[in-house]
Amino acid sequence: MFVVIPHKSAQLMLVRAQKRMLAVLNEQNRTRTALWHPVFPLWITFDDKMTFADFDTVQNMFEHILSDKTRSDNVPRALTICAPQIAAAELIFPATMQLKNKNIISGKITAGVQRQKSYDEQIFAAHAASAEATRNETAHGADAYSSAIDAAHVIATAELPISCTVFRMACAQIVEDAHHVRTWRVKKSRWVKCLLDA
């Protein structure tokens, strides 16, 4: 698969935002039947549902970069990582890459996923919660949850969006097993500096 690997400075900003958002999501989880888990690596991947034309653009771009054919119009001019969003039980950072030929390719960084707790974990959590806490949660849970998420979003996005001028473009492999354990490796990569003045 083709991925974009942000520079270490950008990855540090992403990790800070990831930790803040996941901490609040887990603390304010009203259902207590699921937990948010961090996902690594924080690499930009491209939408599996992209059109064939966009897929060809991405494929050609990576082939040009990895073969050092940087004089093509199909090279990055700007890369932006945007504020986090929650969609389909995933915490993501949307990303956009503008090419020298003005085409824009959309991707995302998956920074967290929501997974159901085991039955034993749910029973333990239910016994640990007091009746008073349950009443407070029932009465004020929705507003508190919404306010907490909004507050965390403001803090987490203080350093976003991130305009990346230096990053790696790579051909990589990411594998996740049945226990949600991820392994990854870079097969081939090349550092890229955006052609800001092109």
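Given the structure is predicted, the values throughout are model-derived calculations rather than measurements.
- Taking SG from Cys194 and CG from Leu79, the interatomic distance works out to 6.0 Å, rounded to the nearest 0.5 Å.
- Leu99 and Ile44 fall within a single hydrophobic cluster, where Ile, Leu, Val, Met, Phe, Trp and Tyr side chains are chained together by heavy-atom contacts under 4.5 Å.
- The distance from atom CG of Leu91 to atom CG of Leu25, rounded to the nearest 0.5 Å, is 6.5 Å.
- Neither Val113 nor Ile92 shares a network with the other; the hydrophobic side chains, linked directly or stepwise wherever heavy atoms of I, L, V, M, F, W or Y lie under 4.5 Å apart, form separate groups for each.
- Pairing each heavy atom of Pro161 with each of Cys82, the nearest pair is CB-CA, 4.2 Å.
- Here the shortest heavy-atom pairing between Ala10 and Ile162 reads O-CD1, 4.0 Å.
- Put simply, the side chain of Arg182 gets close to the backbone of Phe40: a donor and an acceptor are under 3.5 Å apart.
- Checking side-chain atoms of Asn26 against main-chain N and O of Leu35 turns up no donor-acceptor pair under 3.5 Å.
- Atom CD1 of Ile81 and atom NZ of Lys108 lie 14.5 Å apart (nearest 0.5 Å).
- Val4 and Pro6 make their closest contact through O-CD, 3.5 Å (heavy atoms, listed as atom of the first residue, atom of the second, distance).
- Residues Gln98 and Thr96 have side chains not in contact (no heavy-atom distance under 4.5 Å, counting atoms from C-beta outward).
- In the hydrophobic clustering of this structure, Met13 groups with Ile109; members are Ile, Leu, Val, Met, Phe, Trp, Tyr whose side-chain heavy atoms approach within less than 4.5 Å, directly or through other members.
- The nearest pair of heavy atoms linking Leu160 to Ala83 is CD1-CA, 4.1 Å.
- In this structure, the side chains of Val175 and Arg185 stay at 4.5 Å or more apart for every pair of heavy atoms.
- Separating the SG atom in Cys164 from the NZ atom in Lys193 is a distance of 14.0 Å, to the nearest 0.5 Å.
- Residues Met169 and Trp184 share a hydrophobic cluster, clusters being chains of Ile/Leu/Val/Met/Phe/Trp/Tyr side chains in contact below 4.5 Å.
- For the atom pair His7 NE2 and Phe167 CZ, the distance stands at 12.0 Å (nearest 0.5 Å).
- Scanning all heavy atoms of the two residues, the minimum distance from Gly112 to Leu22 falls at CA-CD2, 4.3 Å.
- There is a side-chain donor-acceptor pair under 3.5 Å between Arg115 and His180.
- Nearest approach of Phe93 to Ala111, heavy atoms of both residues: CE1-CB, 3.5 Å.
- We find the OG1-CD distance between Thr110 and Gln18 to be 10.5 Å, quoted to the nearest 0.5 Å.
- With hydrophobic clusters built from ILVMFWY side chains whose heavy atoms lie under 4.5 angstrom apart, Leu12 does not share a cluster with Leu14.
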